Structure formats: structure tokens, C-alpha cells
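What you see is a predicted model, and the numbers here were worked out from it, not measured in a lab. We name chains A, B, ... by the order of the sequence lines, and we start the count at 1 in each one. These values consider heavy atoms only, across backbone and side chains, with no hydrogens, waters or symmetry-generated copies.
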Amino acid sequence: MTAPPLTEYVTLVSNDAFEFKVLRSAAVLAGTIKKALDPSSNFKEGATNRVTFHNINGVILEKVCEYLYYNQKHEESKDVPDFDLPPELCLELIVAADYLGV
Amino acid sequence: MDGETLLPSSPPLVARNLHSSPIPSSDPPMFSSDDAPEGLDNYEAPRSKRKRAGPWWGASQPATTEDPSAKKTKFTRNMDSGVWMNSDEAEEEQVDETWSNLSQFLTEADDTAANAFAVSKSSPFISAEGPDQHETTQMDDYIEARFYNTLREGVQANRTVYHFEHTQLQDHDIRDIDQLNAVIKEPLDPGTEAPGEEYYRSLTPELYVNLSSNFLKRLTPSLFTVANLTTLVLRDNDIEELPPQIGQLRNLIILDLSRNQLKWLPYEVLQLFPPYGKLTRLMLLGNPFLERVNRRRVRLADIHSLFGAVKTQDYAQRTRWLHDLARITTEAAGAGLLIKHLEGGGERSRETWLRNPTTAPDPNPGPMTVRYVGATPPFYFDHTGEPVRGSPRPPISDQDAFDVVVKTKSGVFGRPSTWYQPASRSRVLPLFSLSLHSVVTQLLPSEAKEMLGDDLPSEIKRGLSRAEDNLSSTYSSFRLCHHCGKPYVVVRAEWLEFWSIPGPEFIPFKGQVCSWGCVPEEYVSSP
């Protein structure tokens, strides 16, 4: 069986059916997503390039995607601007962040 | 008119006194034409709850029924009358306003005592325990009240020397010590003479506070707001970790921390030394410091004194000798520290953290009393504060082995065989840390735990307990990064720096940073 070609973008789906198309290079900054998408781990996600989260809603997942791009953009920079985090989301975000390993 | 002498020059004294004596505004008007109120002979004053002889804190003062709470009610009634009589009493009250804190405390303490009493009275079944508790409360109150009395008397008299030795004080007893900020130095009055030199001295009071031989453990945040503290004696207490707020006491000249339980000093203490501060004497004997040279110290110190005895001025020869010693002893780092000390210490740029916009460095600093000699390799932690696999573990007691790297002119001593390098030096904090920061900004760690429920992932639990640890050691859920100065919750990397103070003694100072990227360049890779 040949490994399916790696696409440039992957799709992250929230539990309320919001879909986010994210650069693969950004998405794999999250440990859980990286493992799910890794072809060598033979998950369905690796073949379809689509990860569905049953415990993360759209609002949180949007913020997570925003963070993934923020992280990618500033990985090398010395002076990192603050990441804008709405206070009302922080409790849900900390649980999501822990789950995703970011 | 008979003569001028017969005329009184002013109204008789007695009469004037009668006229000007203030009528209390709260008294009900009584006129002689009024009928006497009924049942006046049976009149009983309304029972006052706290009416009893003597102040609650001890029998040393004359018995009086006047207590702060009674005064307070009278004050309120005056306000309600809508008329400001500016009576003598009112003025007294105004003067006392400075001490409203104190009286409030007294009232509170009084309530506590009253409650304790009520409990022991109403439930005879637990009488075996009741009186005991009551006694303890009274004892605590007594200790605290004695402290306040001394403090209050001193501040009123503008004294600059305060002795609180052997008074069994605990951290919460000294929480209002910031009232020392009210002490001023009274200017001298030269009279008609031409003012001499002493009249041009600074009017900043120089406070001496001796808190030795008490039960202090964490101190109290208000202690570090007493800006004019020049001598602070904390000898013989139970301090395990000095709060970073110590760096605020920029006027300290003498700091005595002998005989405590300190294992290291916070990095902020370095700010107290010239040229940024004024500290000239730091006494540290009798603390279980994490010293690399601990067990060999006596021997090395002997050698050092031997040098002194021989009076060899040839530093190169001394260094060679020690160098030989370092080769034969396992304690290479210990010898290295001493060599570095003899070399006169090194300049680790203290600019990053010690640069403080509020105080410019003294252009003419006195003799440098503290010099950088060496440091441990950094210890790295993950986002929950657990040591990273592969990174050396931070020492907990002075029995633990750890490496100290000393760079001297004759080579590097104590270099470990492996040097852990973190996977990334990115300064972007993980989303976990960012959200944890946000959570802790809005909630107390205990509240957050409650809101998140019981089935919390262990990482979040650990993160929140770090915030709780911060609360107990730095009075805030956050620490300040020793590199970038930003507040953070979880320490991501730390290291111990050894600085020599005359003796020679090598004192560990702990630096802690908020991200792996904040570890100073010189510690990142093996020298």
C-alpha cells in the first residue's frame, strides 16, 4: 500500500461541525494533531487529512488555529507580541490546549 | 467710675469656661421646665456588649470601659446629627484617624475573642477543648497587641529603632508593619544660631528593625513596602525562601539572615548591592545553603588562611597550587570557585535583570562587595513545571550532587560530561501556559480548580498548584522572569549562580525564567 500524498492543508473539524483548513506545517505544532496525521501511525486521519474533535467546539478551535499560526509566525523572533486571549474562553482553552498538547 | 483697677480686664475664668465648654451634640435637649422622664430612677443603661474592665489585651494598663468600638459608635452618632461641632473630642478622633486601621483590628480581634468566649460558654460539652482554644487566641492576641503597642508608640514618637526580639511573632502578627512609613525625621531647629553642617543632612529616616528570634517563615508583603528600612535583622527565624520583594528595599545597608532555613537567595538580592543598592553587610551564617564546597569548605578555607599566613603576594603561584589541588581532588568545582575568587571574580553582565529604570546605578560605586564566580547548568522544566527528561535535576538539599561550572583564566572547572540542550529556544509560550496565565489572572487557583471540576487532567492540576506555590512564596500567583521581567506562573528553567562575598563565601542565587528562550546565552551551551 502506498502512502497517500501529504497535502499542504489539513482540515480540523469541531464538534459543532465548523471546519478549519489549516496549513499542515502549523497544525503539526500541536502534538496530538501531529500524531493523528502522521502516516506511519496508520490512523484514518492520516489518510483523509481531516481531524475531527468531539470535545472541542468551533469558538475554541478557531482560537486554537489562530494560536497555531501565531506560534508558527513567531517561532524564530526575539520579540514576541502578546497573544490575544479572551478571558471568558480561558478555562475551555486550557482544557483544549492540554488535550491537543500545545 | 472709681478706678481702672476695679474693672476686671476680662470675664472671670470660671464663667468663660462654662460658656465655651462644648455641649455634646448627641445629648437630648433638657430644660428645667421639662418634666423628669418617667422611671428615671430605675433607669438602666442599655447593656453594652463589650463593657468590661480593662483592655482585652492585658492588665498592664489602667482599667477603663472605653474601648475602640464604643468610640466608634459615638463618632457615627455625631455624623448623623448633621452638625459638626468641632469639639475637642472630635479633633481627637481626627488625630486618631491614622490609627483607624489599628482600632479596626482591635475591634475585629475583640469580636473574635468575644465569639470564642461565647462558644465556650454556650456549649458546655466541649468545655474540655473550649477554654484551651480561648487561651491560645488570647495568647496570640497578646503577642500581636504587644507588637502593635511598641510599633504605635515608636511611630508616634518618631523613633527609628525598633526591637521585636524574642516576642514569638508569626508572619500574620507583623502585617501592619508598613505603618513604619509614617515615621519622619524631624528637622533640627537651629534657633537663632547659624545652622551647622548637621542641619543639612538628609531628612530621610534611617530605620532599624530587629525581628530576630521569632517564628517568621514567609514574612509579610507589607514589610517590603517600608522604603526607609536601612537595617533589617531577621536572625534566628524559620525563613525557608526569601520573597523576591526583598529587592524593593533599596535603602538596606545591613541585612542579617543568619540562622534561618535558607537554601538559596532570590536573584533580586543582587539588586541590593552597589552600584544599584547600598547593602554593605549581608550576614548569612547558619543557613543550609546549597554549597558545592560544603564538605571541603573547612579544608579549602584552611588553605586560604594559609595563603594569608604566608603572605604570598604571588597570585599566580597560589593559583597554580590550587590548580594542582583541583586535579587531585574530586571537588574540582570547589577549587575552581576559590581560584575564581582569588582571581577577583568575573563580570557576569547583570544588566539584563538588574537594570532598573527607577534607580540609576551609582556613578561612583563603593568597593564591589559581591562578585560572580560560577553557575550550575540550567535545569529545564516542561509546561507544568516537571523536570524535562534528560535535563539535570535541581538540587533539593546540600546532600544532592550537582555541577558548578567555573570559568577561570586557567581553564573551565567542573564542566559536566553532558550538557542538556532544550529542543526549542522559541519564545512563544505554549497555549497551555497562555491560558493558565489568563485563568490565574482572573481566578484564584483554588477557585479555578473548583470551576473546572474534579476530573481535571493532571497537567492542569499541576499547573494550578504551581500558582498556589507562587502564592505562598511570593504573595502573588505570578513570578517575574529574571530575564525579560514578565510575569509568569510556571518556572520553565532555573539555575543557581554563585557569587562570592568576602569571607570567602560562595552564596547561591537562584535565577528563574519564564521560557526556554529566556535562559541567558552563556548558559545555553557547554562552555
- [ ] Considering only heavy atoms, give the residues of residues 54-64 of chain A separated from chain B by less than 4.5 Å, sorted numerically, with 'none' for an empty result.
- [x]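 The list, in residue order, reads A/V64.
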Just wondering, do [Y] and [X] contact through their side chains at under 4.5 Å, heavy atoms?
X: A/V102; Y: B/F432; answer: no
X: B/R427; Y: A/K78; answer: yes
X: A/Y70; Y: B/L431; answer: no

Greater than 12 external heavy atoms within 6.0 Å of [X]'s [atom1]:
X: B/K449; atom1: NZ; value: yes
X: B/E450; atom1: CD; value: no
X: A/F18; atom1: CZ; value: no

Open item on the list: Taking 4.5 Å as the heavy-atom cut-off, does anything in residues 438-446 of chain B contact chain A, and if so which residues?
Closed with: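 Checking residues 438-446 of chain B against chain A gives B/S438, B/V439, B/Q442, B/L443.
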Task: Proximity of residues 460-469 of chain B to chain A, residues having a non-hydrogen atom under 4.5 angstrom - done: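 Within residues 460-469 of chain B, the residues under 4.5 Å from chain A are B/I460.
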TODO: Check each atom of B/L434 against the heavy atoms of chain A and say whether the ones under 4.5 Å are side chain, backbone, both or neither.
DONE: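 Backbone plus side chain of B/L434, per the 4.5 Å heavy-atom cut-off to chain A.
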- [ ] Select one option (side chain, backbone, both, neither) describing which atoms of B/L456 are under 4.5 Å from chain A's heavy atoms.
- [x]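 Interface part for B/L456: neither.
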Using 0.5 Å steps for rounding, measure from the [atom1] atom of [X] to the [atom2] atom of [Y].
X: A/E92; Y: B/L452; atom1: CD; atom2: CG; result: 10.0 Å
X: B/S435; Y: A/L89; atom1: OG; atom2: CG; result: 10.0 Å
X: B/S424; Y: A/E76; atom1: OG; atom2: CD; result: 9.0 Å
X: B/K486; Y: A/D82; atom1: NZ; atom2: CG; result: 6.0 Å

- [ ] Pick one of side chain, backbone, both or neither for A/E75, based on which atoms fall under 4.5 Å of a heavy atom in chain B.
- [x]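 Interface part for A/E75: both.
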List, one per line, each side-chain donor-acceptor pair under 3.5 Å for residues 28-38 of chain A, sequence neighbours excluded.
from, atom 1, to, atom 2, distance (Å)
A/T32, OG1, A/Y99, O, 2.6
A/T32, OG1, A/L100, O, 3.0
A/D38, OD1, A/S40, N, 3.3
A/D38, OD1, A/S40, OG, 3.1
A/D38, OD2, A/S40, OG, 3.1

- [ ] Of all the heavy-atom pairs spanning B/M451 and A/L91, show the shortest one and how long it is.
- [x]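 Heavy atoms of B/M451 and A/L91 come nearest at CE-CD1, 3.9 Å.
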Task: Option in A/D98, A/V95, A/L93 with maximal non-hydrogen atom pairs under 4.5 Å from chain B - done: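 Max contact count across the listed options: A/D98.
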Task: Most chain B-contacting option - heavy-atom pairs closer than 4.5 Å, from A/P86, A/C90, A/A97 - done: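 Of A/P86, A/C90, A/A97, A/C90 has the most heavy-atom pairs under 4.5 Å with chain B.
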